[in-house]
Amino acid sequence: MSHDAVNGRLRIRDVQVQYGAVAAVAGVSVDFVPGRITGLIGPNGAGKTTLLNAISGFTGMTSGTLDLDGADITASTARMRASMGIVRGFQTVRLLERESVFDNVMVGCERLPHPPLLAQLLNLPSQQRCRSRDVAAVRKTLSALGLLADAHRLTSELPYASRRLVEIARLLLVRPKVLLLDEPAAGLDAAERRRLVSTLRAYHAENPFTLIVIEHDIDLVRKLCEDCLALAQGRVIATGTPSEVLENPLVRTAYFGQPAHA
Ligand SMILES: Nc1ncnc2c1ncn2[C@@H]1O[C@H](COP(=O)(O)OP(=O)(O)OP(=O)(O)O)[C@@H](O)[C@H]1O
Ligand SMILES: [Mg+2]
């Protein structure tokens, strides 16, 4: 286990995000257990993406507080939160198509500390050490995600599932404390979903961090997540293990439009 396994304790209190008359998030309080994988489920428009955006700082909150490892980060910008270890993925793949897999993941190194620009331009020893560190980090992450053999291929040549993994590798590279993924399995077939789950689980077992995943595929939530949180109309309607939450009558009605016995 990593020595920083206890980091990534995210506590959110009374979070509200109001868009005009729409309460996209209507007072959500959650303690995310550090080092665990939480599935965030709920019907379309439940406020899942908005909640992740509020946590990452991408969207401003109307009210509420956020606390990371005991520090109040409510007033921190998205950039500050990223540097503190709150990292987000996007609902669609965003890669540099004409660059290699390696270089795409290397982009993640921008978030790591670097020597001053002059040292970089003159390729001073501090810059050379930094470059070696970055290359080693990229190789390690590619290897952990089963992408090393593709390192020098162009991302545009890869199948969609691998492209998603490249994007995730770029996010993992900076060793986030809290990683927020919005429907990472969207567009993947059953075999690709299994690969994503086993890859993420294996990586997470080796490098624990707080992982929050929005997902519509219930089977995937059961296989990937340890905890589960269901939202409907901007509010938390159930928390617990994936099985507990998925069997909750409120969840079944809100999410599947059917009661528990159906
Ligand atoms: N930028 C915005 N401006 C106005 N309303 C918004 C905005 N973003 C989201 N909403 C509204 O807030 C509510 C929650 O949307 P959100 O995208 O968070 O839901 P979601 O649970 O992620 O849904 P989906 O499963 O479809 O991705 C919806 O009613 C949506 O129309
Ligand atoms: Mg969404």
Side-chain angles (χ1 to χ4, degrees), residues 10-30 32 37-66 73-74 77-79 81-82 86-95 160-161 163-164 167-168 171 176 178-190 192-193 196-197 200 210-225 227-240 242 244-246 248-258:
L10 177 69
R11 307 177 110 166
I12 71 177
R13 287 288 173 275
D14 305 318
V15 170
Q16 292 194 30
V17 179
Q18 190 83 24
Y19 290 119
V22 178
V25 177
V28 168
S29 299
V30 189
F32 291 97
I37 306 179
T38 301
L40 182 52
I41 68 167
N44 292 102
K48 304 179 298 294
T49 298
T50 306
L51 183 62
L52 287 206
N53 287 343
I55 292 171
S56 66
F58 197 75
T59 297
M61 303 192 302
T62 310
S63 61
T65 58
L66 304 178
I73 58 162
T74 311
T77 62
R79 184 177 279 268
R81 290 182 201 176
I86 299 183
V87 171
R88 68 167 297 194
F90 290 89
Q91 215 162 339
T92 49
V93 174
R94 298 183 177 189
L95 294 171
Y160 182 75
R163 292 156 52 77
R164 281 233 87 122
E167 196 178 34
I168 291 170
L171 302 172
V178 177
L179 179 61
L180 310 166
L181 296 179
D182 197 346
E183 302 190 31
L188 305 190
D189 67 26
E192 291 166 340
R193 280 164 189 255
L196 179 72
V197 168
L200 273 179
T210 304
L211 177 57
I212 307 172
V213 184
I214 296 178
E215 185 49 61
H216 280 293
D217 178 344
I218 297 310
D219 190 42
L220 192 147
V221 172
R222 283 188 201 276
K223 288 182 174 132
L224 177 64
C225 304
D227 300 323
C228 187
L229 181 70
L231 285 185
Q233 296 178 333
R235 296 177 195 278
V236 175
I237 56 166
T239 59
E244 285 166 357
V245 170
L246 295 168
N248 183 305
L250 280 177
V251 174
R252 296 191 69 91
T253 306
Y255 200 72
F256 306 109
Q258 60 187 354

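All ligand and atom numbering here is 1-based and tracks the order in the structure.
- A distance of 9.0 Å separates CG in L179 from CD1 in I212, rounded to the nearest 0.5 Å.
- How far CG of L224 is from CG of L196: 7.5 Å, rounded to the nearest 0.5 Å.
- Within ligand 1, the atoms closer than 4.0 Å to a non-hydrogen atom of T50 are 9 (C), 14 (C), 15 (O), 16 (P), 18 (O), numbered from 1 in the order shown.
- Judged by the 6.0 Å and 45° rule, R88 forms a cation-pi pair with F58.
- Within ligand 1, the atoms closer than 4.0 Å to a non-hydrogen atom of N44 are 23 (O), 24 (P), 25 (O), 26 (O), numbered from 1 in the order shown.
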* Asked: Should D217 and E183 be marked as a side-chain contact (heavy atoms from CB on, under 4.5 Å) after you check the CA-CA gap, both sets of side-chain angles, and the distance that decides it?
  -> CA-CA 9 Å; D217 178 344; E183 302 190 31; over 6 Å; no

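- Within the 4.0 Å heavy-atom cutoff, G47 counts among the residues contacting ligand 1.
- Within ligand 1, the atoms closer than 4.0 Å to a non-hydrogen atom of E183 are 27 (O), numbered from 1 in the order shown.
- Not a single N, O or S atom of N44, from either the backbone or the side chain, sits less than 2.8 Å from the Mg ion (ligand 2).
- Residues D227 and T239 have side chains not in contact (no heavy-atom distance under 4.5 Å, counting atoms from C-beta outward).
- Around the CZ atom of R222, the shell of radius 6.0 Å holds more than 12 heavy atoms that belong to other residues, nucleotides or ligands.
- Considering backbone and side-chain N/O atoms, G45 comes within less than 3.5 Å of an N/O atom of ligand 1.
- Shown in contact with H216 at under 4.0 Å from a heavy atom are these atoms of ligand 1, numbered in order with element: 25 (O).
- Salt bridge present: D219 and K223 bring a charged side-chain N and a carboxylate O closer than 4.0 Å.
- No part of L231 comes within 4.0 Å of ligand 1, judged by heavy-atom distances.
- Close N/O approach between A46 and ligand 1 is found [any backbone or side-chain N/O within under 3.5 Å].
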